[in-house]
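Notes for the one structure printed next.
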Amino acid sequence: MFKAGEVYLNPVTGERAVTRIGTDITGGERMVVDVYVQPGGRVMGEHIHPEMEERFVMLRGKVGFRLAGWVLIAEPGVELMAPPGTPHDWWNIDDHPSGLVVDVPPVVG
């Protein structure tokens, strides 16, 4: 379970994640995390969540996204979604740390 306020550091990928809404209070149904990524940092690589949707809201900086083969740049205020089964990847393309909210809502179906 992920608890609100918990901090996860990944020095390999340059990510720091702070749980905003944890699965402990949602019964495992939802998680919202603030993610901060250093210049040149990235998520683990392109991946798929077979049954899970992932939503991203940019807070600061510039992040490159690959969603279903499309490549785009997200800046503050941009919201993106990776539906279940969609290949996706993201990485910081800014010279400064970037921040985004990652929201994993309940699985529907």
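Keep in mind that the numbers below use all heavy atoms, side chains included, and drop hydrogens, waters and symmetry copies.
Remark: R42 CZ to W90 CH2 distance equals 9.5 Å, nearest 0.5 Å. Atoms OG and CD, from S98 and E75 in turn, are 9.5 Å apart once rounded to the nearest 0.5 Å. Atom CE of M81 is separated from atom OG1 of T86 by 7.5 Å, given to the nearest 0.5 angstrom. One distance of note links CZ of F65 with CE of M58; it measures 6.5 Å at 0.5 Å rounding. Interatomic distance, CD of E29 versus CE of M31, reported as 12.5 Å (0.5 Å rounding). Atom OH in Y8 sits 13.0 Å away from atom CG in N10 (nearest 0.5 Å).
Residues V101 and L80 do not share a hydrophobic cluster, clusters being chains of Ile/Leu/Val/Met/Phe/Trp/Tyr side chains in contact below 4.5 Å. Y36 and V104 fall into different hydrophobic clusters, where Ile, Leu, Val, Met, Phe, Trp and Tyr side chains are chained together by heavy-atom contacts under 4.5 Å. Connection of I93 to V37 is not established within any shared hydrophobic cluster, with ILVMFWY side chains joined at heavy-atom distances below 4.5 Å, either directly or through further cluster members. Note on V32 and I25: same hydrophobic cluster, where clusters join Ile, Leu, Val, Met, Phe, Trp and Tyr whose side-chain heavy atoms are under 4.5 Å apart, directly or indirectly. Note on W91: it does not cluster hydrophobically with F56, by side-chain heavy-atom contacts below 4.5 Å among ILVMFWY residues.
Side-chain atoms of N92 come within 3.5 Å of backbone N or O of Q38 as a donor-acceptor pair.
Counting all heavy atoms, side chain and backbone alike, P39 lies closest to D94 at CB-O, 3.5 Å.
You'll find the side chain of P84 stays beyond 4.5 Å of the side chain of M52, heavy atoms only.
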Which side-chain N or O atoms in residues 16-23 pair as donor and acceptor under 3.5 Å with protein atoms at least two apart or in another chain?
from	atom 1	to	atom 2	distance (Å)
R20	NE	D34	OD1	3.3
R20	NE	D34	OD2	3.4
R20	NH2	D34	OD1	2.6
R20	NH2	D34	OD2	3.4
T23	OG1	F2	N	2.8

_Candidate pair V43 and T13, rule side chain to side chain contact (heavy atoms under 4.5 Å, CB included), full reasoning_ = CA-CA 6 Å; V43 73; T13 62; over 6 Å; no
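Within a 6.0 Å radius of CG in L72, more than 12 heavy atoms belonging to other residues, nucleotides or ligands are found.
Between H88 and H49, the angle of the ring planes lies from 30° to 60°, which puts this pair in the tilted group.
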